[in-house]
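Position 1 is the first residue of the sequence; numbering continues from there.
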Amino acid sequence: MPELPEVQALVDFLAERTAGLAVTGVELGSFSVLKTFDPPPQALAGVPVDSVSRHGKFVDLDCDGIHLVFHLARAGWLRWSDAIPNTVLRPGKSPIALRTRFSDGSGFDLTEAGTKKRLAAYLVRDPHDVPGIATLGPDPLADDFTREAFGALLAGRRAQVKGLLRDQGFIAGIGNAYSDEILHVAKMSPFAMASSLDEAAVDRLYAALRETLAGAVAAASGKPAVELKDAKRAGMRVHGRTGETCPVCGDTVREVSFADSSLQYCATCQTGGKPLADRRMSRLLK
């Protein structure tokens with residue numbers, strides 16, 4: 001799933017490519033991808049692109065006050081073309097869920113692999129009309145997201161840190177991959193309880209969060225959309241690297257599996273050398 005660094009790179013990519021252009025058409029390859037009905041897709045025809053921005057993991061194209069907002073979910077992606085095909089999309093005939101055309105003949109397709117169709121697009125006059133945006137927590141790279149603000153969010157939260165980092169209502173933009181990376185940098189167990197963290201641990205977690213995300217944004221910056229997935233994988237220290245060597249201590253990267261996801265961690269760096277039980281509601285082995 002694209003997370004904050006990749007989404008920011010997509011925003012920067014689209015902002016550069018669409019500067020001075022107008023939308024000439026929005027076509028649906030899947031009727032279910034568009035979650036709104038007013039304004040209709042035809043309302044964007046001939047409308048200039050004013051800006052491209054990010055809200056957590058949502059991409060927002062502001063076209064003269066009409067916002068095309070989309071969330072790529074787990075299996076979605078954006079495919080850019082300098083010369084978008086002239087053929088009109090036929091619903092259900094390809095993996096393309098939505099196509100957007102621009103006045104210079106370029107455009108992008110939103111595609112989604114797999115059978116679980118979660119990619120979502122919205123046409124709204126205010127981005128906060130999108131339910132997922134209206135409930136977002138603070139952006140972790142915003143200037144006002146200070147150590148004090150982070151500490152206040154954590155205070156009294158009886159929840160595991162891994163789950164909190166992934167909670168979009170708590171902090172916007174972090175998912176499974178970067179939460180693993182942040183916790184590895186912070187040398188913290190994914191199952192540590194937020195309410196049990198002392199001030200030094202909060203300092204460490206905040207620094208790891210900012211450092212990891214800022215570094216990933218910098219690494220993704222300037223890359224075309226087609227290269228972002230591979231760049232993300234290449235930059236991971238522990239996430240997706242089960243059985244490989246921890247780059248910090250040389251221990252073997254371990255995994256805890258759940259019904260529909262998994263996490264990776266280093267026992268030496270994060271849990272005092274004790275492996276986590278690989279089952280739901282995992283606890284440190286006695």
Side-chain angles (χ1 to χ4, degrees), residues 1-4 6-15 17-19 21-81 84-85 87-103 106-139 167-173 175 225:
M1 177 186 291
E3 299 178 33
L4 186 156
E6 296 77 48
V7 175
Q8 184 61 54
L10 284 175
V11 165
D12 295 341
F13 176 87
L14 287 173
R17 296 303 192 282
T18 60
L21 300 182
V23 177
T24 57
V26 175
E27 301 166 17
L28 301 180
S30 165
F31 291 122
S32 64
V33 70
L34 188 62
K35 307 303 181 184
T36 54
F37 61 90
D38 180 37
Q42 296 83 353
L44 284 181
V47 177
V49 179
D50 291 335
S51 65
V52 187
S53 60
R54 175 181 62 78
H55 312 275
K57 300 177 190 177
F58 291 84
V59 177
D60 175 6
L61 278 76
D62 181 356
C63 304
D64 196 27
I66 299 177
H67 297 257
L68 172 59
V69 178
F70 58 86
H71 188 292
L72 294 168
R74 176 171 291 184
W77 197 242
L78 181 146
R79 188 170 65 195
W80 176 268
S81 176
I84 202 79
T87 52
V88 177
L89 283 184
R90 297 181 63 189
K93 300 298 182 181
S94 79
I96 300 171
L98 183 146
R99 172 171 287 169
T100 302
R101 300 177 183 275
F102 298 104
S103 51
S106 65
F108 65 79
D109 293 330
L110 299 184
T111 64
E112 187 169 24
T115 57
K116 294 183 178 180
K117 302 303 181 183
R118 296 175 179 171
L119 189 152
Y122 309 80
L123 278 172
V124 293
R125 294 180 177 85
D126 182 341
H128 288 87
D129 289 339
V130 176
I133 292 178
T135 58
L136 283 178
D139 190 291
D167 182 348
Q168 299 305 293
F170 180 73
I171 298 176

Applying ring-ring contact (aromatic ring centres under 6.0 Å, His included) as the test, list every pair that has at least one member in residues 116-135; sequence neighbours left out.
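Every pair satisfying ring-ring contact (aromatic ring centres under 6.0 Å, His included) with a residue in residues 116-135: there are none.
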Begin from the C-alpha positions of Phe108 and Leu61 and carry the test side chain to side chain contact (heavy atoms under 4.5 Å, CB included) through to its verdict.
CA-CA 12 Å; Phe108 65 79; Leu61 278 76; 4.1 Å; yes
Measure the [atom1]-[atom2] distance between [X] and [Y] for me, rounded to the nearest 0.5 Å.
{"X": "Leu28", "Y": "Arg90", "atom1": "CG", "atom2": "CZ", "result": "15.0 Å"}
{"X": "Ile133", "Y": "Leu136", "atom1": "CD1", "atom2": "CG", "result": "6.5 Å"}
{"X": "His67", "Y": "Phe58", "atom1": "NE2", "atom2": "CZ", "result": "14.5 Å"}

How would you list, by chain and number, every residue that makes a side chain to side chain contact (heavy atoms under 4.5 Å, CB included) with [X], sequence neighbours excluded?
{"X": "Ser53", "result": "His55, Asp60"}
{"X": "Ala73", "result": "His71, Arg118"}
{"X": "Arg54", "result": "Leu4, Val7, Gln8, Val11, Asp139"}

If I compare all heavy atoms of [X] with all of [Y], which pair ends up nearest, and what's the gap?
{"X": "Ser103", "Y": "Thr24", "value": "CA-CG2, 3.6 Å"}
{"X": "Thr18", "Y": "Leu14", "value": "OG1-O, 2.6 Å"}
{"X": "Ala172", "Y": "Gly137", "value": "CB-O, 3.5 Å"}
{"X": "Leu21", "Y": "Phe102", "value": "CD1-CB, 3.9 Å"}
{"X": "Leu98", "Y": "Leu89", "value": "C-CD1, 4.3 Å"}
{"X": "Ala225", "Y": "Leu10", "value": "CB-CD2, 3.6 Å"}

Heavy-atom distance under 4.5 Å between the side chains of Leu110 and Ile96, does that happen here?
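Contact flag for Leu110/Ile96 side chains = no.
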Report yes if some heavy atom in the side chain of Asp50 is under 4.5 Å from a heavy atom in the side chain of Asp64; otherwise report no.
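A side-chain contact under 4.5 Å exists here.
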Please report the C-alpha distance between Val49 and Val23 in whole Å, then the side-chain angles of each, then the deciding distance to 0.1 Å, and finally whether the side chain to side chain contact (heavy atoms under 4.5 Å, CB included) criterion is met.
CA-CA 7 Å; Val49 179; Val23 177; 4.0 Å; yes
Could you tell me which residues satisfy ring-ring contact (aromatic ring centres under 6.0 Å, His included) with Phe170, sequence neighbours excluded, listed by chain and number?
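With sequence neighbours excluded, Phe170 shows a ring-ring contact (aromatic ring centres under 6.0 Å, His included) to no residue whatsoever.
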Quick one: side chain to side chain donor-acceptor pair (under 3.5 Å) partners of [X], sequence neighbours excluded?
{"X": "Glu6", "result": "Tyr178"}
{"X": "Ser106", "result": "Asp104"}
{"X": "Arg101", "result": "Glu27"}

My understanding is that only residues two or more places apart in sequence, or in another chain, count here; which of them pass salt bridge (Lys or Arg N to Asp or Glu O under 4.0 Å) with Asp109?
Arg79, Arg99
Could you pull out all donor-acceptor pairs under 3.5 Å where a side-chain atom in residues 33-48 meets a protein atom, sequence neighbours excluded?
unit_1, atom_1, unit_2, atom_2, d
Lys35, NZ, Ser32, O, 2.7
Thr36, OG1, Leu123, N, 2.9
Thr36, OG1, Leu123, O, 3.2

